[in-house]
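Naming: A, B, ... by sequence-line order, numbering from 1 per chain.
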There are 2 protein chains.
Amino acid sequence: MGRSQAFETDHVVRAAREVFWSSGYESASIPALEAATGLNRSSIYHAFGSKRGLFDAAVQSYLDEVVRPRLRPLVTDDVAPDALVGYLGGLRAALGRAHEIQGTSGCLLVNTSGAPIARDDAVRRTVSDYRAELRDALRRGVVAALPDADGAEADRLADVCTALVISAFTLVRVDPPSALHCLDTAAALLDDARDR
Amino acid sequence: MGRSQAFETDHVVRAAREVFWSSGYESASIPALEAATGLNRSSIYHAFGSKRGLFDAAVQSYLDEVVRPRLRPLVTDDVAPDALVGYLGGLRAALGRAHEIQGTSGCLLVNTSGAPIARDDAVRRTVSDYRAELRDALRRGVVAALPDADGAEADRLADVCTALVISAFTLVRVDPPSALHCLDTAAALLDDARDR
DNA sequence: CCACTTGTGCAACGACCGGTTCAGAATAGA
DNA sequence: TCTATTCTGAACCGGTCGTTGCACAAGTGG
């Protein structure tokens with residue numbers, strides 16, 4: 001019983017996500033979150049407890065709706081040989097688009113890692129887990145692309161690809177061409193390794 | 001004639017640099033800058049014109065006193081073969097220390113690149129130039145370490161090392177072991193390339 | 001139909017910040 | 001001494017944070 005919620009929680013969280021993504025946690029003002037979500041101040045607090053609660057929900061939504069869908073082809077039971085190249089290409093297109101549509105560019109979590117909120121242990125763990133998840137997925141892609149590679153070589157390639165992807169996220173806001181070049185480098189490395 | 005400045009500009013800028021480094025531009029409050037520099041609000045405005053002016057001075061100081069000294073061995077006339085390895089080792093030690101001494105960890109400019117102030121064109125250019133300077137220096141180190149490598153190979157290694165270094169800066173705040181692993185990977189890549 | 005539960009809107013709170021400006025005190029050299 | 005420069009303390013306006021209180025609207029189960 002009782003009145004039912006008038007808003008779609010998912011929509012609200014998505015809208016808040018955009019704000020956090022483009023402004024960062026600290027600079028995301030409550031009025032901005034109100035405007036983006038269409039919710040009133042007190043409804044936000046009622047539903048999420050605090051600004052931080054809304055942020056946590058936004059991060060989860062980012063992982064579930066942005067990060068993981070993109071990684072899915074890399075974590076299925078049998079990964080296609082060209083899955084990693086596909087991932088890099090998709091990311092390239094996304095970063096290229098983000099250049100035009102300014103605002104939500106780069107990666108919410110990479111942006112967060114340099115912000116003051118990254119001092120919070122829970123946030124640190126979230127970002128660190130995200131990196132691990134990314135690296136594991138990329139490693140699976142490497143193994144699928146290079147079935148003859150040994151474990152150490154796959155590890156190394158996965159590490160390098162992860163760094164290139166993270167760098168691309170870091171750079172896309174200040175120097176988009178360099179960011180894209182990072183992704184191209186990753187693809188080229190894969191090619192080289194296949195040839196050899 | 002007239003009263004003379006009672007503070008050492010360099011000291012003040014260094015103190016402000018620490019604040020911006022650990023809090024980011026947006027979250028560095030004027031009171032915090034006052035406390036760190038020992039200057040009065042109005043003295044800051046008198047000397048630097050604005051919060052932004054102080055930030056710009058802090059960034060210059062960061063480049064001149066933190067970044068470039070570390071890169072110097074890589075940009076001399078004849079670079080030692082082990083200069084790049086030395087750079088990576090030095091950085092490793094610095095990032096390890098930064099883990100204990102929390103606050104100024106990572107890289108001021110990498111942290112800045114994900115913050116709202118990175119929307120400013122001048123800031124974007126500064127960060128982008130910094131990346132280029134870093135890459136050029138690393139490339140010189142690669143060439144010195146691998147005199148037999150051709151240009152394309154040096155380019156590729158320089159790109160990858162740059163990404164690994166930037167990733168290390170990004171990660172050190174949230175996951176120091178992974179950050180150090182990035183630097184180790186760069187050193188290992190260099191070793192591999194030498195053997196081959 | 002009505003009581004009860006829950007969501008919503010509006011307003012306000014105290015404390016802080018940004019970014020700046022101003023008048024006035026202090027200090028140096030001519 | 002006087003003049004130029006600097007330093008200091010205080011104040012300004014408009015804004016934000018993060019939260020809470022309260023009255024009202026709107027559904028739900030009995």
Give the rounded distance in Å between these two atoms: [atom1] of [X] and [atom2] of [N].
| X | N | atom1 | atom2 | value |
| --- | --- | --- | --- | --- |
| H46(A) | dT19(D) | NE2 | P | 15 Å |
| Y45(B) | dA11(D) | OH | P | 18 Å |
| E34(A) | dT16(D) | CD | P | 10 Å |
| R52(B) | dT20(C) | CZ | C1' | 17 Å |
| F7(B) | dA26(C) | CZ | C1' | 15 Å |
| L33(A) | dG18(D) | CG | C1' | 12 Å |

Mind checking what makes salt bridge (charged side-chain N to carboxylate O under 4.0 Å, His left out) contact with [X], not counting sequence neighbours?
| X | result |
| --- | --- |
| R135(B) | D155(B), D159(B) |
| D129(B) | none |
| E65(A) | R14(A), R17(A) |
| D192(A) | R156(B) |

- Message: Strictly below 4.0 Å, N to O, side chains only: are R52(A) and D56(A) in salt-bridge contact?
- Response: yes
- Query: Are the charged groups of R124(B) and D121(B) less than 4.0 angstrom apart, N to O?
  - Reply: yes
Pairwise N/O distances under 3.5 Å, protein to nucleotides 10-17 of chain C:
unit_1: dC10(C); atom_1: N4; unit_2: S42(A); atom_2: OG; d: 2.4
unit_1: dA12(C); atom_1: N6; unit_2: R41(A); atom_2: NE; d: 3.4

- Item | Pi-cation contact, Y25(B) with K51(B) (under 6.0 Å, within 45°) | yes
- If you measure from OG on S23(A) to CG on L33(A), what distance do you get to the nearest 0.5 Å? 8.0 Å
- Please work out the stems of DNA chain D from pairs that are Watson-Crick or G-U wobble with both distances under 3.5 Å, keeping only runs of three or more consecutive pairs. C:1-30 with D:1-30
